[in-house]
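Counting starts at 1 for both ligands and their atoms, in listed order. Note: hydrogens, waters and symmetry copies are ignored here, and every other heavy atom, side chains too, is used.
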Amino acid sequence: MVTKTEPESSDFDRDTALKAFDDTKAGVKGLVDAGIAKIPPIFLHSRPNAASVQSTPVIPTVDLQGVDGDPNLRRRVIWQVNDACRRWGFFQVINHGIPTTLLNKMMEGVKGFHELETEVKKGFYTRDYSKTLTYNCNFDFYQSPAVNWRDTVSCVMAPRPPNPKELPQVCGETMVDYSTQVMLLARRLFVLLSEALGLNPSYLNDIGCSEGLMFFGHYYPACPEPDLTMGISSHSDSSFLTVLLQDQIGGLQVQCDNHWVDVEPNTSALVINVGDLLQLISNDEFKSSQHRVLTKFIGPRVSVACFLRQQLPPENSRVYGPVKELVSEENPPVFRKTAVKEFVKYYYAKGLNGISALEHFRL
Ligand code: OGA
Ligand code: NI
């Protein structure tokens with residue numbers, strides 16, 4: 001008689017492995033702390049495109065110094081932003097007005113959170129997004145075909161910022177200060193983006209593009225087998241706009257004309273990218289590009305992504321479609337209208353699988 005100790009179906013194996021890992025509540029960092037030399041199978045990705053990186057083109061850098069004073073300079077910046085949003089959906093901004101000390105403090109805060117004692121950090125581990133703060137490994141952990149080598153702490157910071165006392169002490173106050181600064185920058189950027197689209201300068205702020213902010217503090221531990229997994233699979237963001245702070249480790253890439261291009265780390269810059277909702281309202285004029293993060297043997301890599309979009313009721317029931325000023329008989333709407341919550345529900349249920357959620361809303 002043969003006694004089976006292994007379950008028969010490989011799917012059953014995978015589900016069990018997912019659950020067992022999730023139950024550790026220690027994230028990817030827990031594996032690395034335990035000194036694993038091989039990555040568990042749930043993290044295995046196929047990376048056929050990894051080699052197709054073109055290093056020459058560099059995503060544009062926009063200098064915001066003096067942009068609110070000199071009209072000629074302002075016109076040039078709007079031109080640069082416009083070109084970047086159409087061609088890349090990505091650019092970096094320098095002289096953005098957020099003090100370097102605050103950027104450094106924010107990175108230290110996120111790193112500090114992920115490096116808290118495991119027992120303390122476990123108290124925050126959850127997939128219940130009605131909690132003020134969530135910490136877990138991959139929001140799409142149970143949906144995606146392969147788990148990403150990344151842990152994330154996240155929190156809705158606007159329009160109703162949480163009391164810092166509800167947040168972990170190691171990063172709470174800084175999260176509130178940093179998010180306030182990001183909101184101010186975002187409002188300035190939405191003015192430039194409105195003008196780039198030929199709209200009234202306050203248009204995008206007026207319709208609520210800068211109404212909500214979601215904060216994601218990512219931690220990508222050093223990986224013993226970096227070629228077998230991914231930090232973040234190819235995806236586009238569910239936001240109107242994303243403001244990203246990354247450290248010096250690198251690994252972020254954006255897809256342009258079927259090539260993967262590195263988004264070079266620059267500690268005085270913030271990376272800005274167009275999200276799906278801005279592509280939708282701009283009727284395909286601005287591009288929400290696919291991007292990903294490669295894993296590395298070195299690390300940890302820390303990044304902070306702030307998504308400008310509504311998340312909670314009542315703001316998330318706002319409905320968006322291509323803005324009427326950008327459509328005409330010759331240029332009809334290419335997307336149907338959607339409430340933010342409907343869009344996000346679809347986006348979350350799909351998970352990050354390299355296919356844009358926007359295609360589901362295309363007419
Ligand atoms: C994201 C993202 C990139 C990074 O959070 O959507 O793409 O560098 N992050 O962490
Ligand atoms: Ni992203």
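- Shown in contact with Val293 at under 4.0 Å from a heavy atom are these atoms of ligand 1, numbered in order with element: 3 (C), 4 (C), 8 (O).
- Defined by atom type and a distance below 3.5 Å, a donor-acceptor pair is missing between the side-chain atoms of Tyr220 and Asn148.
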Please determine whether side chain to side chain donor-acceptor pair (under 3.5 Å) holds for the pair Gln310 and Asn316, giving the CA-CA distance in whole Å, both sets of side-chain angles, and the decisive distance to 0.1 Å.
CA-CA 5 Å; Gln310 303 87 343; Asn316 67 351; over 6 Å; no

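- Those atoms of ligand 1 with a heavy atom of Asp237 less than 4.0 angstrom away are 6 (O).
- The pair Asp247-Lys111 does not count as a salt bridge, with every side-chain nitrogen at least 4.0 angstrom from each carboxylate oxygen.
- Within the listing of ligand 1, atoms 4 (C), 8 (O), 10 (O) sit less than 4.0 angstrom from a heavy atom of Arg301.
- Contacts with ligand 1 closer than 4.0 Å are made by side-chain heavy atoms of Leu244 only, the backbone lying farther away.
- Residue Gln246 places no heavy atom under 4.0 Å from ligand 1.
- Within the structure, the closest approach of Arg150 to ligand 1 does not fall below 4.0 Å when heavy atoms are considered.
- Nearest to atom 2 (C) of ligand 1 among the protein's heavy atoms is Ile232 CD1, 3.6 Å.
- The pair Lys337-Glu342 fails the salt-bridge criterion, with no side-chain N (NZ, NE, NH1 or NH2) lying under 4.0 Å from an Asp/Glu carboxylate O.
- At a 4.0 Å heavy-atom cut-off, ligand 1 touches His218 through the side chain alone.
- Within the listing of ligand 1, atoms 5 (O) sit less than 4.0 angstrom from a heavy atom of Ala305.
- Around the Ni ion (ligand 2), the two atoms NE2 of His235 and OD1 of Asp237 are separated by an angle of 90°, to 10 degrees.
- There is a side-chain donor-acceptor pair under 3.5 Å between Asn200 and Ser202.
- Set against the non-hydrogen atoms of Phe307, the atoms of ligand 1 under 4.0 Å away are 6 (O).
- A donor and an acceptor atom, one from each side chain of Asp140 and Tyr347, are nowhere located under 3.5 Å apart.
- Surrounding CD of Glu117 are at most 12 heavy atoms belonging to other residues, nucleotides or ligands under 6.0 Å away.
- Of all the heavy atoms of Phe216, none lies under 4.0 Å from any atom of ligand 1, so neither backbone nor side chain is involved.
- Residues Ser154 and Thr134 have side chains that bring a donor and an acceptor to within less than 3.5 angstrom of each other.
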